[in-house]
There are 2 protein chains.
Amino acid sequence: MLTKDELPECPVATTVQLIGSKWKLLIMRNLMMRPWRFNELKKSLEGISQKVLTDSLRSIEEDGLITRTVYPEVPPRVEYALSDLGETMRPILDAMQEWGTNYKNGTI
Amino acid sequence: MLTKDELPECPVATTVQLIGSKWKLLIMRNLMMRPWRFNELKKSLEGISQKVLTDSLRSIEEDGLITRTVYPEVPPRVEYALSDLGETMRPILDAMQEWGTNYKNGTI
DNA sequence: CCGAATCCTTTTGGATACTG
DNA sequence: CAGTATCCAAAAGGATTCGG
């Protein structure tokens with residue numbers, strides 16, 4: 001979570017600070033559907049390395065956007081899910097999804 | 001402008017490909033208000049270097065999101081403005097602005 | 001004023017090997 | 001399965017200089 005003195009003046013800049021990068025946005029897009037396991041995310045996000053995925057997940061977890069649940073099984077199972085805060089970002093992802101759809105359609 | 005075979009399947013990925021980076025989003029946020037001059041943008045975007053600003057502007061210009069107009073004066077004046085396509089991204093930036101506002105307010 | 005070009009540092013990220 | 005650790009290559013980014 002960002003502390004108060006790290007928050008930029010502009011609200012957009014605040015948002016950008018949390019999810020203004022390629023992989024974080026794509027991870028959030030996935031988690032908008034349902035919880036995902038680590039390797040599931042890795043397969044889905046074509047081209048991402050394990051390191052980058054781990055780092056990205058840690059970062060947005062620290063920012064309180066997602067939760068990480070470890071199920072003590074063998075083999076281990078770890079699930080990533082949206083937090084309540086992360087859920088509030090849905091309108092942003094929806095807007096991006098709609099724009100991308102129209103763009104590909106040639107509607108715009 | 002992206003060609004058809006460069007477009008990813010997911011609409012969000014398409015959008016991310018165009019504006020999924022810190023500075024591009026902040027540039028678009030500014031241009032949502034009105035056209036801006038180069039040095040004006042540079043002053044507004046605290047911490048950006050001339051090179052990064054130039055590169056970012058070229059990139060989103062090539063993608064058709066903004067226009068670049070050179071006024072043949074002395075000293076030269078160059079204005080960057082939203083294209084019609086760029087204008088259609090307003091809902092995305094609006095969603096980010098609203099989220100950032102609520103986040104800073106502690107409303108969420 | 002608005003860059004392009006160059007050089008150089010810093011950061012990011014991929015590959016691999018290893019672990020509970 | 002879900003990581004961590006290490007090393008190294010690639011890319012991004014800063015500083016500076018120069019030009020129309």
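In the text below, chain A, chain B and the rest are named by the order of the sequence lines, each starting its count at 1. These figures come from a predicted structure and were not determined experimentally.
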Problem set entry | Qualifying residue, where the test is side chain to side chain contact (heavy atoms under 4.5 Å, CB included) with B:R90 and the options are B:I92, B:D94, B:L93 | B:D94
Seminar exercise, completed: From the list A:F38, A:W36, A:Y71, side chain to side chain contact (heavy atoms under 4.5 Å, CB included) partner of A:E79 resolves to A:Y71
Spacing of [X] atom [atom1] relative to [N] atom [atom2], expressed in whole Å:
X: A:L45; N: C:dG14; atom1: CG; atom2: C1'; value: 16 Å
X: B:K43; N: C:dG3; atom1: NZ; atom2: P; value: 14 Å
X: B:L41; N: C:dC1; atom1: CG; atom2: C1'; value: 13 Å
X: A:E73; N: D:dC1; atom1: CD; atom2: P; value: 13 Å

Seminar exercise, completed: Protein heavy-atom contacts under 4.0 Å, written 5' to 3' over nucleotides 2-20 of chain D as B (base), S (sugar-phosphate only) or - (none), form the string SBB--------BB-----B
Problem set entry | Residue list, salt bridge (Lys or Arg N to Asp or Glu O under 4.0 Å) with A:E73, at least two apart or on another chain |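 Expected list: A:R77.
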Exercise. Any donor-acceptor pair under 3.5 Å linking the side chain of B:S83 with the backbone of B:L65?
Worked result: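 Here the side-chain-to-backbone pair exists.
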For this session: Give the minimum heavy-atom separation between A:L25 and B:G20, together with the two atoms involved.
Result: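 Minimum heavy-atom contact is CD1-CA, 4.4 Å.
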Problem set entry | Side chains of A:S44 and A:N30, donor plus acceptor under 3.5 Å | yes
